[in-house]
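Everything on this sheet refers to the single structure shown next.
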Amino acid sequence: MTAAWVILALAAGTYGVRLAGVLLHDRLVLPDRLKHLLPIAAVTLLAALVATSVFTDGDRISIGLARPAGVLVGAVLAWRKAPFVVVVVAAAAVAAGLRLLGIR
Amino acid sequence: MITDRALVRDALAIGAAAGVIGLSYGAIAVANGLEPWVPIAMSLIVFAGGSQFLAAGLLGVGNPIAAVVGGILINSRHFPFGLAIGGYIGDSLPSKLLGSHILIDESTAFTMAEPDPGRKRRSFWLVGGTLFVLWNLGTVVGVLIGNAVGDPETFGLDAAFPAGLLALLLPSLRDSAARVAAGAGAVIAVATTPLLPAGLPVLLSLVGLAAALMIKPGGTP
């Protein structure tokens with residue numbers, strides 16, 4: 001029954017974290033200077049998430065080629081205002097294609 | 001400004017990718033020796049991919065405490081996400097209670113990328129809802145077919161997710177303070193990954209905000 005407790009505790013903790021931010025959004029009175037930082041904080045966290053999913057594997061920094069190359073192609077397409085679907089599919093196709101060629 | 005059809009298409013694109021990852025999550029969890037209901041329940045009531053992979057792995061090797069603590073640590077980034085976009089989820093308490101469950105990286109990124117304030121809410125619910133359905137569907141199918149699921153890396157899905165998130169971040173990165181903070185944060189997170197437990201490096205990226213504080217708000221050099 002350990003699994004059930006783990007799931008319940010993880011679910012409660014995760015939901016609590018999410019709900020706390022959403023509810024505090026209305027109650028938090030911040031000076032404008034700091035309020036302006038909230039969206040930047042979200043962007044920073046997402047950017048860090050992107051960077052770690054590209055350049056790390058587990059607890060080590062990864063020097064693979066296929067994944068960064070795929071993301072780079074996707075990023076260039078996004079920068080050139082390609083549709084989101086094209087960005088996602090192109091990134092996957094480049095990474096998958098390189099691996100097919102034996103390039104990790 | 002994007003049309004509704006484009007938004008649905010985009011939500012389905014990222015949702016399909018999430019579905020395939022969910023597939024491999026279900027398969028890996030069962031391969032780790034977990035009972036089939038465990039990954040399915042986790043996808044339903046935790047609904048946070050990174051923490052679920054970690055928890056399934058740690059549960060498989062008999063380390064339940066680390067599974068809970070590590071998982072919550074990974075998901076703690078959702079707190080600032082709620083602070084940032086909490087105003088676009090809904091006004092009533094029930095919508096906030098329900099919306100909080102689908103507050104994930106993708107729904108946050110889509111909401112922030114939508115330029116029209118009136119459409120941010122629709123963006124949030126559509127993307128969060130689509131991912132919830134497809135992630136859970138993927139998990140169930142993965143549990144059922146088990147080892148027949150291939151490695152998502154074969155399909156390049158490990159590149160699809162960061163590329164999609166990055167595409168959604170690009171408009172926000174036009175702001176120079178955001179760009180500096182995001183750049184510094186990304187370097188901090190990658191550099192500290194070998195040193196810190198999972199989840200902490202991404203949180204530590206917030207140190208990059210200090211760099212943004214030195215820059216005038218809204219600057220676009």
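Residue numbers begin at 1 in each chain, while the letters A, B, ... track the order of the sequences.
For B/Phe53, no part lies near chain A; criterion is any non-hydrogen pair under 4.5 Å. Both the backbone and the side chain of A/Thr52 come within contact range of chain B, each with at least one heavy atom under 4.5 Å from a heavy atom of that chain. Residue B/Ala181 touches chain A through both its backbone and its side chain, counting heavy-atom pairs closer than 4.5 Å. Residue contact with chain B, scored on non-hydrogen atoms closer than 4.5 Å, involves the side chain of A/Arg99 exclusively. In this structure, chain A has heavy atoms under 4.5 Å from both the backbone and the side chain of B/Leu166. Both the backbone and the side chain of B/Thr193 come within contact range of chain A, each with at least one heavy atom under 4.5 Å from a heavy atom of that chain.
Contact count against chain B (heavy-atom pairs under 4.5 Å) is highest for A/Leu46 among A/Val89, A/Leu38, A/Thr2, A/Leu46. Ranked by heavy-atom pairs under 4.5 Å with chain A, the list B/Thr108, B/Leu97, B/Ile65, B/Leu196 is led by B/Leu97. Most heavy-atom pairs under 4.5 Å with chain B: of the set A/Val94, A/Val88, A/Val85, this distinction falls to A/Val85. For the set A/Leu37, A/Leu100, A/Ile7, the count of heavy-atom pairs under 4.5 angstrom toward chain B peaks at A/Ile7.
With contacts defined as side-chain heavy-atom distances shorter than 4.5 Å, the pair A/Tyr15/B/Ile45 does not qualify. For the pair A/Leu19/B/Leu103, no side-chain contact is recorded, criterion being any heavy-atom separation below 4.5 Å from C-beta on. B/Asp158 places none of its side-chain heavy atoms less than 4.5 Å from the side chain of A/Ser53.
Listed in order of number, the residues of residues 23-32 of chain A that approach chain B to under 4.5 Å between heavy atoms are A/Leu23, A/Leu24, A/His25, A/Asp26, A/Leu28.
B/Ala159 and A/Ala95 get closest at one heavy-atom pair: CB-CB, 3.7 Å.
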